[in-house]
Enquirer: 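Take a look at the following structure, please.
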Amino acid sequence: MSVRTLPLVFINLGGEMLYILDQRLRAHNTSDSSSEKGVWSEGDRKRVLNDIVGTMFSKSFMDELLKPQQLYSHRTMKTVLTRLAHTSIMRLNPASMDRLYELMIMAFKYQVFLCPRPKDLLLISYNHMDSIRALVRDTPAVLNQVDETHRKVIEVYSTFSEGELQLLRQTLLIFFQDMHIRVSLFLKNQIQNPSGRFVLTTSGPVPSGVDVPGLIRTFDLRGREVSRSEFPPGGSFSGSVGDGSFELNGDRVLRLGRNLYRAEHPEETQTSRTPGAQPNSPPNPLAKEELNLLARLMGSMKAENVPTGERRFRISLFSTDQEEAGASGGEQQDTIQVINIQAVQDGQAALALARIAGEFADEEAKLENPSSSKGDELLAMMDDL
Amino acid sequence: MFHKEKSIQIKNSASALYNNLSVLRIAPRRLTYFTVVHANVVNMVSASWDGLNYSHRQLQSKEPNVATSTSLIMQAAFCVLPSRDLLVVSSQKGIQMYESDGSIMVYWHALDTPEAPTEQAVFARGISAVSDNYICVGVSSGAVLVFDVPSKGSNITLSEVLEEHKEAITDIAAECSGSQERLASLVTADDGGNVCVWKSGEEFQLLNKIPGLDITCSSVKLWKGTVLAGYGNGQIRLYEAVTGILHAEVNAHARWIYSLDVAPFSGLLLSAAEDSFVRVWHLAMTPETNSVEIAHLHNECVTDTQICGAKFCDGDGYAFAVTGYDLSEIIRYVQS
């Protein structure tokens with residue numbers, strides 16, 4: 001399968017992660033806690049986003065991603081994305097990271113699934129990059145990195161044929177296969193069914209370059225059209241709305257990949273497992289190549305120079321109370337199952353992952369300062385909900 | 001015209017791959033085999049005609065004697081030769097050939113994979129039996145491997161490599177009408193929409209090349225000397241194989257076509273695409289003008305599903321089966 005998926009995977013998953021973090025951090029900002037210490041300031045939020053974007057779009061990280069290589073497991077992706085999130089001053093607890101990853105994956109799955117033409121995968125990526133640019137527009141250095149990366153991506157992927165891009169899309173679809181986690185925002189907007197499957201409408205514009213179905217044309221030996229007839233295609237498709245821009249800037253036309261989250265509706269980022277749904281196959285031991293990739297990616301993330309003594313702020317992004325209340329017994333069981341698999345079956349892989357992650361841990365691990373940390377205020381607020 | 005029958009459940013969901021369904025009808029035993037690819041596994045179901053017995057088997061793409069290697073499978077297809085039926089599985093690492101019930105692997109061919117990862121993906125895709133004793137498999141480089149298959153045993157050999165395509169092969173098909181006098185025996189298609197027409201033999205001969213317009217031809221069939229081709233822009237085109245003359249062009253689907261199939265005895269054509277529609281067409285030959293006409297017969301919509309495989313279950317087209325991405329069942333339709 002395709003060996004060029006990683007840059008697009010990280011740009012799009014990373015983009016979704018930033019959308020969600022941006023929304024959740026704004027949501028905490030609007031809480032009317034009387035204490036100054038309990039609120040994430042505008043400055044903190046921007047700093048978190050700038051730090052993550054700066055690392056994700058750093059030349060060294062992107063260069064690693066751009067090397068031809070296979071797309072590996074969810075575990076590897078989650079590890080790297082967690083590390084990316086933690087290059088900021090924010091610390092996510094494991095439950096938050098799990099939920100965040102689920103949201104990111106389902107959003108990207110939706111975009112890839114509905115992608116009208118394989119080429120539109122690039123437009124989806126560019127939509128994410130456009131939004132990321134907007135998030136960091138006040139920091140010229142980081143903005144520059146995003147631009148540079150965008151140019152590089154255009155350079156690399158503009159030579160791909162539609163067939164190669166379809167192979168890339170098929171590789172991504174295998175990566176997302178059998179994931180049907182329900183996202184409340186998607187359910188509310190009726191783009192996902194209660195079963196967890198996405199809605200595929202049989203109406204609307206056809207992709208650019210495709211004709212509306214319904215016409216049969218026959219030709220003679222000299223290539224002249226001899227007759228036309230129509231057939232009932234079902235559905236109600238209409239003509240294409242034109243091509244988006246594949247340049248650095250421009251109207252992408254396609255809406256997939258734009259920011260769906262709005263700050264006023266934090267409950268929209270709730271996820272739930274479909275009752276009875278099981279994670280399909282147990283994780284395989286990480287292949288040697290996968291561990292190598294992981295080590296290279298972690299190594300290429302330059303931790304920004306944060307002065308030691310700076311506090312890290314723990315945050316629980318999603319209300320654990322709500323998760324437990326809304327869940328059926330099945331979900332509890334799923335959570336327990338996941339933990340079991342991690343601890344028992346993959347002891348060796350978990351050790352290897354921990355070793356690699358540990359090599360890049362800063363001293364912050366020692367700085368657990370429970371009193372007067374923003375994280376604790378946040379957790380206290382969550383408990384009150 | 002067709003109505004839905006009871007679906008067959010499969011152990012895993014189908015992956016989004018072209019032509020992701022293969023069917024083998026075994027009349028003497030009143031059984032039909034189905035294969036559906038899921039990532040690195042082939043799901044095989046054997047279904048008895050009375051609908052009472054289903055048995056399942058899973059095959060992994062593994063190099064023999066290499067415990068840890070599995071690779072993603074691109075396609076699994078039954079190849080029917082006069083003396084034997086084989087199940088051929090093509091993956092990133094190579095090509096495996098099994099007895100048709102999947103019980104024994106009789107042959108393994110490793111693809112040349114370079115030491116360091118290259119810019120281009122490496123894989124095998126596009127499988128067909130040709131004439132009496134060949135099986136052809138396509139490769140991502142554009143090469144078509146021709147294997148010579150003896151009437152029994154595992155002494156299968158690579159007899160020739162056809163190097164005409166420059167882009168990855170998508171699908172391969174042999175003349176299926178059963179008539180002996182057709183000149184063209186094989187058609188091969190690639191990512192750029194180019195279609196090559198061949199005559200089989202000790203040395204295969206290129207008869208014609210129909211250029212693509214950079215629109216992928218994802219599925220191709222050859223029936224009574226006519227190339228039936230499905231494209232990424234949702235079109236089906238009918239060409240006269242040897243001359244390349246375009247007989248008809250259909251704006252058939254609103255999204256990428258993933259599968260075409262022909263019922264050779266009745267001239268029914270099946271097309272399936274990511275737009276969730278399966279369509280049944282009728283092909284009519286007019287021998288005087290040597291042209292083919294296509295007429296639309298029937299639509300089925302599989303709600304919220306991007307279809308990746310569609311095959312007739314018999315030579316008359318009395319029944320057909322469908323698979324879709326993320327779907328763990330084979331949906332069946334039967335003529336009313």
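Chain letters run A, B, ... following the sequence lines, proteins first and then strands; every chain starts at 1. Both backbone and side-chain heavy atoms feed into the values below; hydrogens, waters and symmetry mates do not.
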Enquirer: So what's closer than 4.5 Å to chain B heavy atoms on A/R197: side chain, backbone, both or neither?
Expert: side chain
Enquirer: Counting heavy-atom pairs under 4.5 Å to chain B, which of A/V206, A/I216, A/D220 comes out on top?
Expert: A/I216
Enquirer: Which pair of heavy atoms, one from B/Q235 and one from A/D211, lies closest together, and at what distance?
Expert: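 Heavy-atom minimum between the residues: NE2-OD2, 3.8 Å.
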Enquirer: State the OG-NE2 distance between B/S13 and A/H180, to the nearest 0.5 angstrom.
Expert: 6.5 Å
Enquirer: Is it the side chain or the backbone of A/V199 that comes within 4.5 Å of chain B heavy atoms, both, or neither?
Expert: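 Its backbone and side chain both get close to chain B.
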Enquirer: Report the option among A/G209, A/S161, A/G235, A/P207 that has the most heavy-atom pairs separated by less than 4.5 Å from atoms of chain B.
Expert: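 Winner by heavy-atom pair count: A/P207.
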Enquirer: Would a 4.5 Å heavy-atom cut-off, applied to side chains only, mark B/M74 and A/L167 as touching?
Expert: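 Yes, their side chains come closer than 4.5 Å.
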Enquirer: About how many Å separate CE of A/M179 and CG of B/D326, when rounded to the nearest 0.5 Å?
Expert: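 Here the rounded value is 10.5 Å.
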Enquirer: Please state whether the side chain, the backbone, both or neither of A/F237 comes within less than 4.5 Å of a heavy atom of chain B.
Expert: side chain
Enquirer: To check you understand the geometry: which heavy-atom pair defines the closest contact between B/S276 and A/L200, and what is its length?
Expert: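 Where B/S276 meets A/L200 most closely, the heavy atoms are CB-CD2, 4.2 Å.
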Enquirer: What part of A/P232 lies closer than 4.5 angstrom to a heavy atom of chain B: side chain, backbone, both or neither?
Expert: both
Enquirer: Could you tell me whether the side chain of A/D178 reaches within less than 4.5 Å of the side chain of B/H38, counting heavy atoms only?
Expert: yes
Enquirer: A/F231 and B/L297: side chain to side chain contact (heavy atoms under 4.5 Å, CB included), yes or no, with the steps?
Expert: CA-CA 9 Å; A/F231 69 90; B/L297 291 182; over 6 Å; no
Enquirer: Given that the side chain runs from C-beta out, which part of A/N193 has a heavy atom under 4.5 Å from chain B: side chain, backbone, both or neither?
Expert: side chain
Enquirer: Under 4.5 Å heavy-atom distance to chain B, tell me which part of A/Q70 shows up: side chain, backbone, both or neither.
Expert: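 For A/Q70, the side chain is the part near chain B, not the backbone.
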Enquirer: Sort by residue number and list every member of residues 113-123 of chain A having a non-hydrogen atom under 4.5 Å from chain B.
Expert: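 The stretch touches chain B at A/F113, A/P116, A/P118.
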Enquirer: So do A/E164 and B/E167 actually touch side chain to side chain, heavy atoms under 4.5 Å?
Expert: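 B/E167 does not reach A/E164 side chain to side chain.
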Enquirer: Heavy atoms, side chains only, cut-off 4.5 Å: are B/S71 and A/M1 in contact?
Expert: no
